[in-house]
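Worksheet: the structure to be examined is printed underneath.
Because the structure is a prediction, the values reported are computed rather than measured.
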Amino acid sequence: MGLFSRSRSTPLDGVDLVLADLDGVVYAGDGGIPHAVESLNTARRERPLAYITNNASRRDSVVASHLTELGLETQPHEVVTSPQAAVRLLRDRVPTGSTILVVGGDGLVFELEKAGYTVTRSADDRPAAVLQGFSPDVGWAQLAEAAYALAQPEDEGGIPWIATNTDWTIPQSRGIAPGNGTLVSAVHTAVGRLATVAGKPERPIFDEAVARFGARHPLFIGDRLDTDIAGAQAAGIESVLVLTGIDRPKHVLAAPNSSRPTYIVGDLRELHEPYPETIVKGDVTTVGSASVRIDGPDVHIVTEGDRPIDLVRAGAAAIWGTGRAIYGFRVPERLYADPFHRR
Ligand SMILES: [Mg+2]
């Protein structure tokens, strides 16, 4: 071992469960993301790997077959869906066997019936709770049934309302469409109540995944700071932000305390590479061969280094380390240059 070499660990060292988001991490629309399949297959040889999805319209087995087609051998129990997390929440509030009003599709009905609940579509059946998740078939009539069932506030004896997730939008092959959050909001407007949320960025979906595998050192991989990384952090799980999806280097630099990843990678190959240490000396922060200096409101690049990802890591560590908000800084454009592959 040379004088300057250190034994550095990879983001996967000591991890006993890898949890991955899907869109922006594994695939983008119809296509796989470069290096995702090989890197995840390699990770899975050493420890369990599971996928977390907020999308409530597909069953776990459907997601598992899709992933298997992409080259990621996946069993249904290796997919954790927001309907499963929603049913986990429901079990704490409403006894099995109760009648539940469903606003949503097959993914939700399947999980409810599997857990021993009876499904209704009518508020007249005096349901014990309302469960709401996205399905392309949800229309005014279903939303109205939910509103009728939820007319009474919960603290006045009203029934629980659980939403699988509150993503405002959902990407479709023809563009961006209203997501479950938009539909939940329509019911909220009618009843003035707030739903309990099961999916990211709330904890229940992470808790469901960790409990299912009995994990002690899970690692979550996502592409969005405000849902994936914030959710993992809230659940006490270390996280990797991968720059192959929604969020870009400029978002990383600006990330608030509540949504800062443990690791930042350009693509998933870096899961298996030693992760460089962040070294802070005075006002200079160094990662690999990239160094950044903070001087009052100015962020200076001291050395750009030979790996763009290390410059992002150094810039983020330097800015985050000040405890000050991004708005107070003058940041050179080179620091948030974006040579990384995205959808
Ligand atoms: Mg995603």
Inset, instruction - Is it possible for you to say whether Val292 and Val284 belong to one hydrophobic cluster, with membership spreading through side-chain heavy-atom contacts below 4.5 Å? - result: no
Legend entry - Within 6.0 angstrom of Arg324 CZ, more than 12 heavy atoms from elsewhere: yes
Legend entry - Phe134 and Ser82: CA distance, side-chain angles, deciding distance, side chain to side chain contact (heavy atoms under 4.5 Å, CB included) verdict: CA-CA 10 Å; Phe134 177 80; Ser82 62; over 6 Å; no
Inset, instruction - For the pair Gln233 (side chain) and Asn257 (backbone), establish whether a donor and an acceptor sit closer than 3.5 Å, ignoring hydrogens and angles. - result: yes
Inset, instruction - Rounded to the nearest 0.5 Å, what's the gap from OG1 on Thr262 to CD1 on Ile229? Could you check? - result: 7.5 Å
Legend entry - Distance-minimising heavy-atom pair for Ala195 and Val184: CB-CG1, 4.2 Å
Inset, instruction - Consider only side-chain heavy atoms of I, L, V, M, F, W and Y, link residues closer than 4.5 Å, and tell whether Val240 and Phe213 are in one cluster. - result: no
Legend entry - Side chain to side chain, Arg307 and Glu270, heavy atoms closer than 4.5 Å: yes
Legend entry - Validation row: Leu271, Thr10 side chains within 4.5 angstrom (heavy atoms): no
Legend entry - Pairwise distance CD1(Ile170) to CG(Leu183) - rounded to 0.5 angstrom: 9.5 Å
Inset, instruction - Measure across Pro11 and Glu273 and return the closest heavy-atom pair with its distance rounded to 0.1 Å. - result: CD-O, 3.5 Å
Legend entry - Exercise: identify the closest heavy-atom pair between Ser9 and Asp13: CB-OD2, 3.0 Å
Legend entry - Residue pair Pro160 / Thr196, side-chain heavy-atom distance below 4.5 Å: no
Inset, instruction - Ignoring hydrogens and angles, tell me if any N or O in the side chain of Ser259 forms a donor-acceptor pair with the backbone of Asp226 under 3.5 Å. - result: no
Legend entry - Separation between CG of Leu49 and CD1 of Ile221, rounded to the nearest 0.5 Å: 7.5 Å
Legend entry - Side chain proximity check, Thr278 to Thr285, heavy atoms < 4.5 angstrom: yes
Inset, instruction - Following the transitive rule for hydrophobic clusters with a side-chain heavy-atom cut-off under 4.5 Å over Ile, Leu, Val, Met, Phe, Trp and Tyr, establish whether Leu219 and Val26 coincide in one cluster. - result: yes
Inset, instruction - Salt-bridge test for Arg47 and Asp16: reply yes if a basic N is under 4.0 Å from a carboxylate O, no otherwise. - result: no
Inset, instruction - Check whether any side-chain heavy atom of Arg121 sits under 4.5 Å from a side-chain heavy atom of Glu145, and report yes or no. - result: no
Legend entry - Steps toward side chain to side chain contact (heavy atoms under 4.5 Å, CB included) verdict (Asn54, Asn180): CA-CA 10 Å; Asn54 265 8; Asn180 199 49; over 6 Å; no
Legend entry - Audit row: Asp207, Arg88, salt bridge (charged side-chain N to carboxylate O under 4.0 Å, His left out) steps and yes/no: CA-CA 10 Å; Asp207 292 342; Arg88 183 184 171 87; 5.8 Å; no
Legend entry - Closest non-hydrogen atom pair, Ala146 against Val130: CB-CG1, 4.1 Å
Inset, instruction - Kindly say whether Ala255 contributes a backbone atom to a donor-acceptor pair with the side chain of Arg260 at under 3.5 angstrom? - result: yes
Inset, instruction - Measure from the side-chain N and O atoms of Thr74 to the backbone N and O of Leu72, and report whether any donor-acceptor pair falls under 3.5 Å. - result: yes
Inset, instruction - Report the distance from atom CG of Asp23 to atom CG of Asp223, rounding to the nearest 0.5 Å. - result: 7.0 Å
Legend entry - Test side chain to side chain contact (heavy atoms under 4.5 Å, CB included) applied to Asp21 and Lys200, step by step: CA-CA 10 Å; Asp21 174 47; Lys200 297 176 293 181; 2.7 Å; yes
Inset, instruction - Mind checking the CD1-CG spacing from Ile162 to Leu131? Nearest 0.5 Å is all I need. - result: 5.5 Å
Inset, instruction - For the residue pair Ile33 and Asp267, establish whether any side-chain heavy-atom pair is separated by less than 4.5 Å. - result: no
Legend entry - Polar side-chain atom of Tyr117 near backbone of Val94 as donor-acceptor pair, under 3.5 Å: yes
Legend entry - Donor-acceptor contact below 3.5 Å, side chain Glu304 vs main chain Leu311: no
Legend entry - Whether His272 side chain and Ser39 backbone form a donor-acceptor pair below 3.5 Å: yes
Inset, instruction - Supply the atom-to-atom distance His251 NE2 to Leu243 CG, rounded to the nearest 0.5 angstrom. - result: 11.0 Å
Inset, instruction - Applying side-chain hydrogen bond (donor to acceptor under 3.5 Å, both in side chains) between Gln84 and each of Thr53, Asp60, Thr164, report the one that passes. - result: Asp60
Legend entry - Flag side-chain contact, heavy atom, 4.5 Å: Val62 against Val79: no
Inset, instruction - State plainly whether the residues Arg93 and Glu154 are in salt-bridge range, i.e. N to O under 4.0 Å. - result: no
Legend entry - Lys/Arg-Asp/Glu bridge criterion (N-O < 4.0 Å) met for Glu73, Arg44: no
Legend entry - Residues, nucleotides or ligands: over 12 heavy atoms within 6.0 Å of Arg334 CZ: no
Legend entry - N/O donor-acceptor pair under 3.5 Å between Arg248 side chain and Gly245 backbone: yes
Legend entry - Closest non-hydrogen atom pair, Asp228 against Phe206: O-CZ, 3.9 Å
Inset, instruction - Would you name the heavy atoms of Trp320 and Ile264 that are closest together and state the gap between them? - result: CH2-CD1, 4.3 Å
Legend entry - Contact check, side chains of Lys281 and Thr286, non-hydrogen atoms, under 4.5 Å: no
Legend entry - Single-linkage hydrophobic cluster Leu90~Phe110, side-chain heavy atoms < 4.5 angstrom: no
Inset, instruction - Please test Leu67 against Leu22 for side chain to side chain contact (heavy atoms under 4.5 Å, CB included), starting from the C-alpha separation and ending with a verdict. - result: CA-CA 9 Å; Leu67 291 169; Leu22 292 175; 3.8 Å; yes
Inset, instruction - Using the rule that two of Ile, Leu, Val, Met, Phe, Trp, Tyr join whenever any of their side-chain heavy atoms come within less than 4.5 Å, decide whether Val103 and Val109 are in one cluster. - result: no
Inset, instruction - Could you tell me whether a side-chain N or O of Glu78 sits under 3.5 Å from a main-chain N or O of Gln75, the two making a donor and an acceptor? - result: yes
Inset, instruction - Dump the intermediate steps for salt bridge (charged side-chain N to carboxylate O under 4.0 Å, His left out) on Asp247 and Arg224, then the final yes or no. - result: CA-CA 6 Å; Asp247 278 328; Arg224 288 187 66 137; 5.4 Å; no
Inset, instruction - Kindly say whether Pro127 contributes a backbone atom to a donor-acceptor pair with the side chain of Asp125 at under 3.5 angstrom? - result: no
